[in-house]
K.L.:
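Here's a structure for you.
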Amino acid sequence: MQLLGLGIEMAALFIGFGLLIGILFGFFGMGGSFLVTPALLVVGYPASVAVGSGLAFVFGTSVIGALRHRDHGQVSYPLAAVMILGMTVGIEVGTRVVFLLAEAGSADFVISVVYVGLLVAVGLFVLRDARSDGTDVGTGRVATVVQAITLPPMVSLPGDATVSVWVILVVGWGIGILSGCLGIGGGFLLLPVMVYGFGIPTAIAAGTSILQILVSGAFGTFVYAQSNAVNISVVTTLLVGSALGARIGAGATLLVDEADVKGYFGVMLLSGGIATVSKQVGVAFGVAMLETMSTVLIFGTAGLVSGVIIYMSIAALRKHREHRSSLTHKRPVWLRQ
């Protein structure tokens, strides 16, 4: 029996995983592609298909978010235009690198190694930020250094920031290469770069980031689809789950403080890196237990963090209801009638 072109068990797995990623996307505002590609690698899909399908998933999840931020005026179009130009060129370069590695038979290994390094680095940064409550990140210092590069032409950005177009192009190019190589939208890289590096407000950085991810995801999907490296069935089942999960995650933002969950998010990133290592070592040495552990890690930690968000949301709702109930009982009898 098949569902959406996949075996019923595999389809259920991807719909459930999409639900978890949707919760994370709705809550943290990041597309979740940094989990999709390693998850597909862990399940056994070729590197090119994992990357192409990850980019297609990014495109699908970004459409609604981009429209919402546009309606709220939270997009810097000059920054988005320059960054998209750099990312487009970078994606083309990254895509060619992946197919060259695939021809050499080393794509799975190289992409896994780069992914591990990226997930560990970002995971450690998030954990450090969570432990320090964001007080010593040094946002102003980095932005000051970047804005001191006055190589014309310059572009004015929200938050009274002025940045060289060449700096934006180079940053976009670098993130684009990673996006093309790893199948990530780049949201978890774009957001800190724009906030800490360029010095623009977080809300506008989030809206601009999602717009860029939408365009780069569409371009990357097109490039990989030309080589039949996008599994439509996988992408569809993931999007079915994430559509519901995104609503749950977005609602949770009204009940749960992101700082309370940030540490779990960092652990999840680190677990994704460990899962990728376990998969490669298990395949190389024929250790089935390591391959099983990689699957449990990447799906289990996503479920754990999503579960924490849901649990804390329910606890917050219960506390709110108890508070309202206590206020009602304290009112005089004649006011309750």
K.L.:
State, with a plain yes or no, whether a side-chain heavy atom of L157 is found less than 4.5 Å away from one of M194.
P.N.:
no
K.L.:
Any idea which heavy atoms bring V235 and A56 closest together, and the distance?
P.N.:
CG2-CB, 3.8 Å
K.L.:
L290 versus F285: any side-chain heavy-atom pair under 4.5 Å?
P.N.:
no
K.L.:
Are the side chain of S164 and the backbone N or O of I149 linked by a donor-acceptor pair below 3.5 Å?
P.N.:
no
K.L.:
Quick one: CE on M87 to CD1 on I91, what's the gap to the nearest 0.5 Å?
P.N.:
5.0 Å
K.L.:
Hey, does the side chain of S179 reach the backbone of I175 with a donor-acceptor pair shorter than 3.5 angstrom?
P.N.:
no
K.L.:
Say you draw a straight line from CD1 of I232 to CG of L6; how long is it, rounded to the nearest 0.5 Å?
P.N.:
11.5 Å
K.L.:
Could you pull out the closest heavy-atom pair between P158 and I204, with the gap in Å?
P.N.:
CB-CD1, 3.5 Å
K.L.:
Answer whether the closest heavy-atom distance between the side chains of F219 and T95 falls below 4.5 Å.
P.N.:
no
K.L.:
Is the closest side-chain heavy-atom distance between I168 and F198 below 4.5 Å?
P.N.:
yes
K.L.:
Surrounding CZ of F222 (heavy atoms of other residues, nucleotides or ligands, distance under 6.0 Å), is the total greater than 12?
P.N.:
no
K.L.:
Taking C-beta and beyond as the side chain, do V49 and L40 meet within less than 4.5 Å on heavy atoms?
P.N.:
no
K.L.:
Would you check if Y45 and S53 make a side-chain contact, meaning some heavy-atom pair closer than 4.5 Å?
P.N.:
no
K.L.:
Would a hydrophobic clustering, with Ile, Leu, Val, Met, Phe, Trp and Tyr connected at side-chain separations under 4.5 Å, put V170 with L79?
P.N.:
no
K.L.:
As an exercise, state the distance from CG of L169 to CE of M83, rounded to the nearest 0.5 Å.
P.N.:
9.0 Å
K.L.:
Give a yes or no on whether M10 and I298 share a hydrophobic cluster (residues Ile, Leu, Val, Met, Phe, Trp, Tyr; joining criterion: side-chain heavy atoms under 4.5 Å apart).
P.N.:
yes
K.L.:
Under a single-linkage definition using a 4.5 Å side-chain heavy-atom cutoff for Ile, Leu, Val, Met, Phe, Trp and Tyr, are L239 and L244 assigned to the same hydrophobic cluster?
P.N.:
yes
K.L.:
Roughly how far apart are L13 CG and L238 CG, rounded to 0.5 Å?
P.N.:
9.0 Å
K.L.:
Rounded to the nearest 0.5 Å, how far apart are OG of S48 and CG of N228?
P.N.:
10.0 Å
K.L.:
Over all heavy atoms of both residues, which pair between P152 and W166 is shortest? Give the atoms and the distance, please.
P.N.:
O-NE1, 2.9 Å
K.L.:
So, does S306 use its side chain to make a donor-acceptor pair with the main chain of L20 at under 3.5 Å?
P.N.:
yes
K.L.:
Which heavy atom in C181 sits nearest to a heavy atom in V51, and how many Å separate them?
P.N.:
O-CG2, 3.3 Å
K.L.:
Just how far is it from atom CZ of F57 to atom CG of N231, taken to the nearest 0.5 Å?
P.N.:
14.0 Å
K.L.:
Report yes or no: do V277 and L270 belong to one cluster of Ile/Leu/Val/Met/Phe/Trp/Tyr joined by side chain heavy-atom distances under 4.5 Å?
P.N.:
yes
K.L.:
Please check if V116 and M293 belong to a single hydrophobic cluster, counting links between Ile, Leu, Val, Met, Phe, Trp and Tyr side chain heavy atoms closer than 4.5 Å.
P.N.:
yes
K.L.:
Does the side chain of V82 reach to within under 4.5 Å of the side chain of V155, using non-hydrogen atoms?
P.N.:
no
K.L.:
Considering all heavy atoms of both residues, which atom of L317 and which atom of L255 are nearest to each other, and what is their separation?
P.N.:
CG-CD1, 3.8 Å
K.L.:
Shortest non-hydrogen contact from Q147 to G199?
P.N.:
NE2-CA, 4.4 Å
